**Q** 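To start, I am sharing the structure in question, which I have written as structure tokens.
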Amino acid sequence: MMIKIPKNAASFMLCNAFNKLQGTFTVHSFKTSNFSFSELASQTILTPFHSNPASNRESLLFDHPRSMFEKITNFDDALKLFDEMTQRQPLPSVVKFTQLLQALTKMKHYSCSINLFKQMAAVPAPVNVYTTAIVIKCCCELHYTNQGFAIVAYGLKRGVVPNVCIFNTILNGLILEDRILEAETLFKKLIKGKLCEPDVVMYNTMIKGLCKVGNNDTPIALLRLMDERGCEPNVTTYSTIIDSLCKDKMVDDALKLFNEMILHKGILPNVVTYTSLIHGLCNLGRWEDVSKMLKEMEDKKISPDVLTFSMLVDALCKEGKVDDAKALMNIMVKRGKDPNLVTYNSLIDGYCLRGEMRKAREVFDSMRSRGIIPNVITYNSLLNAYCKNSKIEKAMLLFDEIIEKGLKPNVVTYNTMLHGLYRVGRCKDARELFNEMQAHNRISPDACTYRIVLEGLCNNHQVDEALSLFRLMGENKLDLDIVVYTILIDGASKCGKPEIAKALFNELSIRGLHPNVRTYNVMMGCFCREGLVKEAKELFLQMEEMGCLPDHVTYNVLLQGLLKNEQHDTIEMLLKEMDGQYLSVDASTLSMLLHHVSSGSLDGTLLKLIGKLVPKKGMDAPCFQYRWR
DNA sequence: TTAGGGTTAG
């Protein structure tokens, strides 16, 4: 679609530039009822908005426009008003039409706004840059950004010159649709073609989009570009980048930017900036820095909000400090910040992970009595706890309750249930559920589902079925990753099929997969079980050559293999290596070592070394402590 | 006296 040349020179330049843009973006026609925006754009006989004489002669109906438009709370009222407006002679001003469209858009009736806009075009009613901006936003919100382009073209035909607001809406639309590359190209063209000078809002939009795709360098480059082009960043600009860095665990870089913002730019951080930083610090377990940040907020009289508190509640729960988390929830209530569904879910999950089901249920009941309706995530936590504790009957009752409440189980729900069923050996029920999730609820199994099923089958001595499912996965081109291979190697080995385990291990290099520490541990366990200690030792050397460092499991597996097979020559060396790497012996290795010492097959002088390898108890990891005032 | 971005938690 080419735009024909309009009257004034500025529009002429814009049209040229816009036509060049067409090469980069596909502009689809906007067909709904009987005409499209692309067709509209190519029409020539349209009334320019400024020639409408109605604007200075309003009737009584429109003398109080605010109250009139504030009353529009539903679709029917809007339509009725619109009909009256379009039938008036002369037509109401463009501002009135714009207000009506804006009222609908604020109510999220995007399609309705677009339809009215089309009817306006048919009248034709007056249109200006505000009107088109609103309708373009509607298209973008509906993920029809291409139609937004068509409206820009249509606007140009009517002398509406797109400005920074309109281009920003388009950029935001592309970002909403994850079309970041296209947004970047358009942004560059806007600058190069001097179509508009980006302002802080536009830079923020672009920065948000780039952060969304996991890029941190370009947003920082944009921040520098703002400086070059004389555009002042604001707290949103910095907070967006700070948050992105924190999510990528680059908290120190985020803190540098935070200091730059305050000290060099004189921009005050807000609760969002602090919440992002606190979140990043919590994830890295930097509790002292978290306390510092909270103190700083207090000094600056910035109150933590529900999100700040919820995040801290969640962090405490993940550290196992669930009672502290509950106490923090009481503090937030005292401060007038009501915990919401997310906050309650964290606390319930925290109790569930500790197996404190009575407390979890108490919180569950209290949230409901406060009118907060549990969602599928709430149920998943409870379900997981019941399954992990082999309380499959309770889990099944809960599963029924999810459906009774009209909630839709998700893939996590099914994975949890499958795990639970295999744990108690109910393979047939698991198989039925596996079929049901796909057939009845149209939920596709994910990589996790397959791992659970394969591991479940292996643990229940159904290695052959696991293998055939595994081969089926290969045909479906599902993730045949190293985790899946490791599960099967372990399963085959433990079910007395070491040959299959070895064949699978050898298959890895053909598939281009690299064994990880778990894979090596499992394979070494397989050799040891077979009495092939020499092969296990060789693998131990090989893994280091391949750049895979042994962990405490590796040493324990090898030690047990050596002890079982009465090969004592390398034991002292291994124990010394463990000591050097601060690794511990596990309970069964320890008892075997002690047994061999007492029977005299191991030298008693090793006892001192063994003592150093016993894990120390009772040392609580340092965690978050803060004196709330 | 009509338009755009607004960043933070499970």
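Lettering follows sequence order; numbering is per chain, from 1. All figures in this text were calculated on a predicted structure; none of them were measured in a lab.
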**Q** Nearest to the side chain of A:Ile377, which nucleotide is it out of B:dG10, B:dG5, B:dT2?
**A** B:dG10
**Q** When you measure only distances, ignoring hydrogens and angles, does the side chain of A:Asn340 come within 3.5 Å of the base of B:dA9 through a donor and an acceptor?
**A** yes
**Q** So, is A:Lys212 near the phosphate of B:dT7, with a side-chain N or O under 4.0 Å from OP1 or OP2?
**A** no
**Q** Quick check: any donor-acceptor pair below 3.5 Å linking the side-chain of A:Asn270 to the base of B:dT7?
**A** yes
**Q** Check the phosphate of B:dA9 against A:Lys247, side-chain N and O only, distance under 4.0 Å to OP1 or OP2. Yes or no?
**A** yes
**Q** If we ignore angles and hydrogens, is there a donor and acceptor under 3.5 Å between the side chains of A:Lys137 and A:Asn172?
**A** no
**Q** Output yes when at least one side-chain N/O atom of A:Lys96 is less than 4.0 Å from OP1 or OP2 of B:dT2, else no.
**A** no
**Q** If you look at every strand shown and take non-hydrogen atoms under 4.0 Å, does A:Leu341 touch a base, only sugar-phosphate, or nothing?
**A** base
**Q** Give me each pair satisfying ring pair (Phe, Tyr, Trp, His ring centres under 6.0 Å) with a member in residues 308-361 of chain A, each pair once, sequence neighbours excluded.
**A** A:Phe309-A:Trp628
**Q** Check whether any side-chain nitrogen or oxygen of A:Gln102 sits under 4.0 Å from OP1 or OP2 of B:dA3, and answer yes or no.
**A** yes
**Q** Give a yes or no on whether a donor-acceptor pair under 3.5 Å exists between the nucleobase atoms of B:dT8, that is its base, and the side chain of A:Ser276.
**A** no
**Q** Could you tell me which non-hydrogen atom of A:Met293 sits nearest to which non-hydrogen atom of A:Leu281, and how far apart they are?
**A** CG-CD1, 3.8 Å
**Q** What residues, two or more places apart in sequence or in another chain, satisfy side chain to side chain contact (heavy atoms under 4.5 Å, CB included) together with A:Glu184?
**A** A:Leu181, A:Lys188, A:Met206, A:Leu210, A:Thr218
**Q** What about A:Asp199, does its side chain sit under 3.5 Å from the base of B:dG5 through a donor-acceptor pair?
**A** no
**Q** Separation of A:Met261 atom CE from B:dT7 atom C1', in whole Å?
**A** 11 Å
**Q** Provide, to the nearest angstrom, the distance between the CD1 atom belonging to A:Ile151 and the C1' atom belonging to B:dA3.
**A** 13 Å
**Q** Nearest of B:dA9, B:dG5, B:dA3 to any side-chain atom of A:Ser310?
**A** B:dA9
**Q** In whole Å, I'd like the distance from the CE atom of A:Met293 to the C1' atom of B:dT8.
**A** 14 Å
